[in-house]
Protein chains: 2
Amino acid sequence: MGWRAADRTEQTLKAQNDDAGEYLLENQVGHLLRRAHQRHTAIFQATIGDQQLTPLQFAALMKLADVGEASQNHLGRLTAMDAATMQGVIKRLIARDLIARRPDPDDRRRLLLTLTEAGVALVDVATARGHQISDETLDPLSPAERETFLKLLSRLSG
Amino acid sequence: MGWRAADRTEQTLKAQNDDAGEYLLENQVGHLLRRAHQRHTAIFQATIGDQQLTPLQFAALMKLADVGEASQNHLGRLTAMDAATMQGVIKRLIARDLIARRPDPDDRRRLLLTLTEAGVALVDVATARGHQISDETLDPLSPAERETFLKLLSRLSG
DNA sequence: CGACCATCGTTTGTGTACGAACAATTCAGG
DNA sequence: CCTGAATTGTTCGTACACAAACGATGGTCG
């Protein structure tokens with residue numbers, strides 16, 4: 001490993017630990033959030049990869065199983081997805097016949113989504129995996145720390 | 001809220017409230033990490049948007065300012081970016097003349113990256129914004145909570 | 001020396017992510 | 001009832017994110 005942190009020595013002796021001083025990437029929330037998210041999706045792929053599901057596809061399926069039926073935009077709001085993003089996720093799930101789409105009789109702008117039989121079957125299989133993925137992601141923390149972490153994290157997600 | 005969990009009842013009566021049972025998306029680490037990351041990038045864009053920088057471009061610039069000079073892959077490792085992702089980020093930064101690329105005389109596979117004058121100037125301006133972004137992202141937490149959160153989060157980023 | 005294997009940077013393909021613009025539809029007020 | 005504002009789903013463009021395969025180079029070891 002070629003780890004020579006170069007010699008950024010001279011001028012940074014004073015302000016290394018100030019808040020206003022040097023900017024250390026590895027201490028910034030954004031960078032840590034990004035890396036934690038990376039690690040999580042790696043665990044996701046390793047755990048559920050045999051189903052060819054992505055995290056967003058999984059989220060949409062699970063939420064749809066939860067609410068039963070929803071329009072695209074509504075499901076998008078429930079899963080924190082942009083309408084444009086939702087469009088692609090739904091398209092792929094429909095292509096795999098995991099969800100079905102029908103026009104809303106009461107509002108001709110809307111398309112109502114439901115799980116197909118195959119979708120329901122997949123959700124049944126994948127639920128346990130979902131819990132396993134969450135557990136493994138939190139594995140470096142003790143049970144008490146997990147609770148603390150999730151509580152703080154959810155306050156940063158609003 | 002249309003919360004009726006549909007009537008997929010028959011075979012799933014036993015495991016409704018177990019940990020193996022219902023899967024609530026909004027309690028899963030992955031979903032919360034994703035949403036926190038979303039919120040952070042929104043703050044990033046609002047704070048630094050006038051510079052037309054993305055979070056990854058910013059990270060690459062800051063890290064390069066930190067180490068002075070690095071090959072693409074090495075900088076990629078320092079910023080947790082895939083080599084293919086790095087390629088695009090670097091390409092855009094070079095197009096804006098914020099960084100420069102020259103062949104490594106000691107290894108003809110490598111391309112050494114350095115900040116240009118414009119790059120250095122931008123880093124100087126943007127450093128304060130970087131701290132501001134981190135602060136604002138952590139705004140919902142008290143100082144003590146921030147410390148706890150960052151400590152736990154960094155253990156989930158390894 | 002020469003086969004072998006690792007590393008460097010690139011390209012391709014698929015899948016998020018989101019702003020912006022759009023047509024169709026619905027809804028609110030006058 | 002009719003005009004304007006809001007909502008729904010779509011498309012386009014840009015930018016991550018990463019697996020996989022690639023040619024070129026570098027290092028190792030028999």
Side-chain angles (χ1 to χ4, degrees), chain A residues 1-2 30-31 33-46 48-49 51-61 70-96 99 101-113, chain B residues 30-31 33-46 48-49 51-60 70-77 79-96 99 101-113:
Chain A
M1 318 187 176
H31 185 66
L33 282 172
R34 183 172 153 270
R35 297 223 291 137
H37 185 252
Q38 276 179 342
R39 175 168 165 276
H40 171 263
T41 63
I43 291 172
F44 185 97
Q45 295 301 343
I48 222 168
Q51 301 291 347
Q52 297 289 109
L53 274 184
T54 66
L56 284 217
Q57 290 171 15
F58 183 69
L61 284 180
S71 72
Q72 261 181 226
N73 276 1
H74 184 46
L75 187 59
R77 268 174 245 122
L78 294 174
T79 51
M81 292 184 219
D82 190 76
T85 301
M86 202 59 190
Q87 203 277 117
V89 171
I90 294 303
K91 189 177 65 179
R92 288 182 272 280
L93 290 175
I94 288 180
R96 291 181 56 191
I99 71 178
R101 187 154 59 168
R102 68 181 178 87
D104 185 334
D106 299 334
D107 187 338
R108 269 181 301 178
R109 294 170 302 181
R110 288 195 186 138
L111 298 172
L112 293 179
L113 306 174
Chain B
H31 185 66
L33 282 172
R34 183 172 154 271
R35 296 223 292 138
H37 186 253
Q38 274 180 344
R39 175 167 165 276
H40 171 264
T41 62
I43 291 172
F44 184 99
Q45 295 300 344
I48 223 168
Q51 302 290 348
Q52 297 290 110
L53 275 183
T54 67
L56 285 217
Q57 291 172 14
F58 182 69
S71 72
Q72 261 182 229
N73 276 359
H74 185 45
L75 187 58
R77 270 174 244 123
T79 50
M81 291 185 219
D82 190 75
T85 301
M86 203 59 192
Q87 203 274 1
V89 172
I90 295 302
K91 190 176 65 180
R92 288 182 274 278
L93 290 174
I94 288 180
R96 290 181 56 190
I99 71 177
R101 188 154 59 168
R102 67 181 178 90
D104 185 333
D106 298 333
D107 187 337
R108 268 181 301 178
R109 294 170 302 178
R110 287 194 185 137
L111 298 172
L112 293 179
L113 306 174

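Letters A, B, ... are given to chains in the order of the sequence lines, protein chains preceding strands, and every chain is numbered from 1.
- Nearest heavy atoms, Pro55(B) versus Thr41(B): CG-CG2, 4.2 Å.
- Nearest approach of Arg96(B) to Gln51(B), heavy atoms of both residues: NH2-O, 3.0 Å.
- Using a 4.0 Å cutoff on non-hydrogen atoms, the parts of residues 81-94 of chain B near DNA chain C are Ala83(B), Ala84(B), Gln87(B), ordered by number.
- Heavy-atom distances to DNA chain D give each of Leu112(A) and Asp106(B) a nearest nucleotide, and the one nearer the 5′ end belongs to Leu112(A).
- In this structure, the CG atom of Leu113(A) is 13 Å from the P atom of dT8(D), given to the nearest Å.
- When all heavy atoms of Gln45(B) and Thr54(B) are compared, the pair lying nearest together is NE2-CA, 4.4 Å.
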When the side chains of residues 78-91 of chain A are checked against the rest of the protein, which donor-acceptor pairs come out under 3.5 Å, sequence neighbours left out?
residue: Thr79(A); atom: OG1; partner: Leu75(A); partner atom: O; Å: 2.7
residue: Thr79(A); atom: OG1; partner: Gly76(A); partner atom: O; Å: 3.4
residue: Asp82(A); atom: OD2; partner: Ala84(A); partner atom: N; Å: 3.0

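- In this structure, the separation between CG on Asp104(B) and CG on Leu113(B) is 11.0 Å, given to the nearest 0.5 Å.
- Minimum heavy-atom separation, Leu112(A) to Ser71(A): CD2-N, 4.1 Å.
- The CZ-C1' distance, from Arg110(A) to dG9(D), rounds to 12 Å in whole Å.
- Atom CD of Gln38(A) sits about 11.5 Å away from atom CG of Leu33(A), to the nearest 0.5 Å.
- Within the nucleic acid shown, Thr41(B) has no heavy atom closer than 4.0 Å to any nucleic acid atom.
- Legend: residues meeting side chain to side chain donor-acceptor pair (under 3.5 Å) with Arg77(A), ordered by chain and number and at least two apart, are absent.
- Nearer the 5' end of DNA chain C, as judged by each residue's closest nucleotide, is the contact made by Gln38(B), out of Asp107(A) and Gln38(B).
- Atom CZ of Arg34(A) is separated from atom C1' of dA15(D) by 12 Å (rounded to the nearest Å).
- Applying the salt bridge (Lys or Arg N to Asp or Glu O under 4.0 Å) criterion to Arg108(B), with sequence neighbours excluded, gives no partner residue.
- Residues Leu61(A) and Gln57(A) are not in side-chain contact: their nearest non-hydrogen atoms beyond the backbone lie 4.5 Å or more apart.
- Rounded to whole Å, atom P of dA17(D) lies 17 Å from atom CZ of Arg39(A).
- If you walk DNA chain C from 5' to 3' and mark each nucleotide with an atom closer than 4.0 Å to a heavy atom of chain B, the marks span dA6(C) to dC18(C).
- Scanning both residues, Phe58(A) and Leu53(A), for their nearest heavy atoms gives CD1-CD1, 4.0 Å.
- Rounded to an integer number of Å, the gap from CZ of Phe44(A) to C1' of dC18(D) is 15 Å.
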Protein-nucleotides 21-24 of chain D N/O pairs under 3.5 Å:
none

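- A search for side chain to side chain contact (heavy atoms under 4.5 Å, CB included) contacts involving Leu111(A) returns Gln72(A), Arg101(A), not counting sequence neighbours.
- For the segment residues 51-60 of chain B, the set of residues with a heavy atom within less than 4.0 Å of an atom of DNA chain C is empty.
- The salt bridge (Lys or Arg N to Asp or Glu O under 4.0 Å) test applied to Asp107(A) returns Arg109(A), Arg110(A), not counting sequence neighbours.
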